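First the structure, in the form of structure tokens, and then the observations on it.
Values below: all heavy atoms of this structure, side chains included; hydrogens, waters and symmetry mates excluded. Please read these numbers as outputs of a predicted model, since none were measured by experiment.
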Amino acid sequence: SYRGRARYLPACGTAVCGTLAKGWGRLQGFPSEEGRRVKVLVVGGGGREHAICRALATSRPHPEVLVAPGNAGTASSFRNIDISPMDVPRLVELAREEHVDLVIPGPEAPLAAGLADALNAAGVPCCGPSRAAARIESSKAFMRGLTSEAGVPGPTYRIARDRAALAELPEAEDSLS
């Protein structure tokens with residue numbers, strides 16, 4: 001069952017994903033059904049996702065790589081699947097139907113939309129942070145507020161939540177002159 005498999009590889013950060021893609025062969029005993037290749041779903045359609053796919057393809061064991069949605073470069077060597085990276089329910093359905101062993105999201109937006117949470121709930125391992133953790137990357141206002149509260153030095157900033165608030169902000173000062 002997928003629930004049993006999820007405990008082998010908890011959600012991990014993107015730095016670990018790069019290492020994972022390069023060192024797939026080091027994951028001895030990674031769970032997969034007997035008699036079939038390990039299957040990996042890479043989510044996204046840019047150059048980063050293409051690089052992840054190529055790293056996976058050059059590693060041992062050679063996993064079957066699916067890409068959603070992929071691009072022209074991934075189409076020549078991998079199986080592109082026309083699903084938007086933001087369509088979380090369809091990505092989870094695809095991962096379950098295809099018996100995917102690992103999902104590697106490239107862009108941050110699907111993670112901010114809860115992709116890792118939904119996959120985890122379905123028992124599908126995902127190499128990416130939860131929606132709450134992804135907020136640090138997806139919301140610069142949240143990140144600046146968090147670092148300010150923690151006393152981390154940074155640039156002066158103001159947050160305008162609508163056009164009226166934006167119009168009230170003073171012009172930016174050029175601190176480099």
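- Within the 4.5 Å cutoff, no side-chain heavy atoms of L166 are placed close to those of D162.
- Judged by distance alone, with hydrogens and angles left aside, the side-chain atoms of S148 form a donor-acceptor pair with the main-chain N or O of R144 at under 3.5 Å.
- Between V103 and V43 the shortest side-chain heavy-atom distance falls below 4.5 Å.
- Interatomic distance, CD1 of I81 versus CG of L41, reported as 6.5 Å (0.5 Å rounding).
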- Can you list the steps and then say if L94 with V92 is a side-chain contact (heavy atoms from CB on, under 4.5 Å)? CA-CA 5 Å; L94 171 69; V92 172; over 6 Å; no
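- Smallest separation of non-hydrogen atoms from A57 and F78: CB-CE2, 3.7 Å.
- Judged by distance alone, the side chain of R131 and the main-chain N or O of A116 form no donor-acceptor pair under 3.5 Å.
- Panel note: side chain K39, backbone P63; no donor-acceptor pair is recorded below 3.5 Å.
- Transitive grouping of hydrophobic side chains (ILVMFWY, heavy atoms separated by less than 4.5 Å) keeps L115 and I136 in distinct clusters.
- Tracing side-chain contacts under 4.5 Å through hydrophobic residues (I, L, V, M, F, W, Y), one never reaches L111 starting from M143; they form parts of separate clusters.
- R54 has no carboxylate O lying under 4.0 Å from a charged side-chain N of E49, or vice versa, which leaves the two without a salt bridge.
- Shown here for V67 and G44, the closest heavy-atom pair between the two residues is CG1-O, 3.6 Å.
- Proximity of L102 to V38: side-chain heavy atoms (C-beta onward) are nowhere separated by under 4.5 Å.
- In this structure, the separation between CG on L91 and SG on C126 is 10.0 Å, given to the nearest 0.5 Å.
- Of all non-hydrogen atoms in M86 and A113, the two that sit nearest each other are CE-CB, 3.8 Å.
- Between E98 and R79 there is a side-chain heavy-atom pair separated by less than 4.5 Å.
- In this structure, I159 CD1 and S139 OG are separated by 7.5 Å, a value rounded to the nearest 0.5 Å.
- The closest side-chain heavy-atom distance from V100 to L66 is below 4.5 Å.
- Within the 4.5 Å cutoff, no side-chain heavy atoms of P105 are placed close to those of P85.
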- Task: Walk me through it: do V88 and R90 pass the test side-chain contact (heavy atoms from CB on, under 4.5 Å)?
- Result: CA-CA 6 Å; V88 172; R90 284 191 62 208; over 6 Å; no
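- Taking the side chain as every heavy atom from C-beta outward, V40 and E64 never approach each other to under 4.5 Å.
- With hydrogens and angles ignored, the 3.5 Å screen pairs a side-chain donor or acceptor of N80 with a backbone N or O of N71.
- Here I52 contributes atom CD1 and C127 contributes atom SG; the two are 8.5 Å apart, rounded to the nearest 0.5 Å.
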